[in-house]
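All remarks here apply to the structure that follows.
Just so you know, residue 1 is the first one in the sequence shown, and it goes up from there.
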Amino acid sequence: MTAIFAAISTICSAADWPQWRGPEGTGVSTEKQPPIVWHEGRSVVWKAAMPGPAASTPAIWGDAVFVTVHTADDKLLLLRLSKKNGEIIWTQEVGSGTKEREGPRRQPTKIHKFYSPAGPSPVTNGQVVVAHFGNGDLAAYDFDGKRLWKRNLQDDYGIYTSWYGHANSPVIAGSLLISVCMQDSLADLRETPIESYLVAHDLQTGDIRWRVTRMTKAEKEECDSYTTPLPCRLSGIEQLIVMGGNQLDAYDPATGRQLWVLQGQTGGRTVTSPTLAKDTIFATRGLRGAMFALDLKTQSPKPSKTRAESPPAPREFTFRDITWTYNEGSPDSCSPVAWNELLFTITDDGIARCFDLATGNIKWKERLKGQYKASLIAADGRIYFLNTDGLTTVISASPRFDKLVENQLDDTTLASPALSDGKLFIRGYKTLYCVGR
């Protein structure tokens with residue numbers, strides 16, 4: 001947890017899952033004895049029918065479970081459910097899924113077959129919950145369902161130009177809500193390029209606090225990134241780590257100042273978000289490019305000694321700073337997860353791998369059933385792999401492949417699962433499942 005995330009870290013317990021990939025954005029839970037065995041007739045505490053599909057992860061705080069939905073009649077909804085029994089407490093219509101998008105490279109604009117404007121995951125600090133959608137709508141509510149504010153980022157900063165639909169999830173940093181947009185610059189088609197950017201809004205009012213452009217050397221589709229910023233604290237510095245546009249970099253969440261940058265990570269559009277373990281960042285050069293590790297503990301920027309000092313220029317890393325690289329079969333959609341000294345990944349077609357964190361040496365490689373889009377989670381020495389057909393494979397977080405069980409549910413499952421209060425929450429197209437022991 002980081003100090004800048006005081007609104008979360010001072011209150012958030014192990015039972016909360018306030019954002020995509022959990023309390024620290026890494027997919028790791030500190031809970032003990034999570035569910036291991038389940039199916040439609042066993043260990044399902046409750047099921048809640050969803051009014052529409054989505055690929056977003058539930059955000060959970062206390063008894064509140066928040067999910068986003070895109071309905072068949074094109075409504076974008078935010079729902080609060082009871083964690084106890086799955087009852088829908090309230091439903092708020094945030095907007096409509098249809099909004100003009102610029103598509104100069106192919107007409108009509110391409111949309112991935114799995115894309116939904118309800119792809120970004122909601123985020124909460126225990127008092128405010130924020131929903132973001134692929135049409136640009138960004139809206140904050142209190143826990144009673146009262147809207148605090150609403151904006152549309154396309155109205156504010158221009159039409160989205162990502163090839164497959166905007167899907168980045170926001171994060172909360174103290175009193176700020178931070179969103180990222182990384183998209184095709186169209187620099188080869190127009191005199192003034194389209195901007196990629198980070199923007200921070202006041203969590204209570206929606207007022208803009210800062211906005212910085214993020215223009216990289218990427219071109220065309222390589223500009224696109226569907227990743228979520230990763231908050232961390234290293235060497236006394238609060239950071240938001242961002243991967244995309246062939247670039248890995250970090251920003252001060254309080255001001256938007258760029259702290260460091262690693263350019264030249266050419267691979268393609270980026271879906272897999274970075275993760276952090278033992279002060280090392282693990283990221284993928286998009287479109288199944290190489291996975292690499294960068295040790296940040298000794299390389300992070302130093303804080304200014306006095307406020308009078310001008311902000312230092314961002315540190316520029318090079319390929320020589322990279323700790324290790326793996327070039328064969330890196331993940332394309334599914335973000336990796338670490339446990340103790342090991343890193344676990346899976347490709348979209350089901351090739352799971354286990355790596356040594358420090359060296360990148362591969363410990364094992366196995367094929368699991370099905371296709372994969374959900375990111376991995378880890379808890380109590382176990383790793384959870386959820387495929388697109390509702391099958392979760394649970395393995396031991398071990399340097400030897402040890403498959404414990406396969407658990408089948410009857411739904412399409414693209415969303416990354418959430419773990420809260422000893423229960424696993426699996427979001428399907430038709431149903432939100434609460435699975436217990």
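Between Phe282 and Trp324, the ring planes lie tilted relative to each other; the angle falls in the 30° to 60° range.
Every ring pair (Phe, Tyr, Trp, His ring centres under 6.0 Å) that Tyr197 has, sequence neighbours left out, goes to Tyr157. For Ser196, there are no side chain to side chain donor-acceptor pair (under 3.5 Å) partners at least two apart in sequence or on another chain. For the salt bridge (Lys or Arg N to Asp or Glu O under 4.0 Å) test, residues two or more places apart in sequence or in another chain that qualify with Glu341 are Lys278. Take Asp332 and apply the salt bridge (Lys or Arg N to Asp or Glu O under 4.0 Å) test, not counting sequence neighbours, and it matches Arg269, Arg288. Here Tyr226 pairs with nothing under the ring pair (Phe, Tyr, Trp, His ring centres under 6.0 Å) rule; sequence neighbours left out. For Phe319, there are no ring pair (Phe, Tyr, Trp, His ring centres under 6.0 Å) partners at least two apart in sequence or on another chain. The side chain to side chain donor-acceptor pair (under 3.5 Å) check on Ser96 picks up Asp74, Thr98, with sequence neighbours excluded. Residues satisfying the ring pair (Phe, Tyr, Trp, His ring centres under 6.0 Å) criterion with His132, sequence neighbours excluded, are His166. For the salt bridge (Lys or Arg N to Asp or Glu O under 4.0 Å) test, no residue two or more places apart in sequence or in another chain qualifies with Glu316.
Residue pairs satisfying the salt bridge (charged side-chain N to carboxylate O under 4.0 Å, His left out) criterion with at least one member in residues 386-400, sequence neighbours excluded, are absent. The side-chain hydrogen bond (donor to acceptor under 3.5 Å, both in side chains) analysis of residues 348-360, with sequence neighbours excluded, yields the pairs Tyr326-Arg353, Ser333-Asp348, Thr347-Asp349, Asp348-Lys373, Asp356-Thr359, Thr359-Asn361. Counting only residues at least two apart or in different chains, side-chain hydrogen bond (donor to acceptor under 3.5 Å, both in side chains) contacts with residues 426-437 comprise Glu40-Tyr433.
Counting only heavy atoms from C-beta outward, the side chains of Val337 and Thr275 never approach each other to under 4.5 Å.
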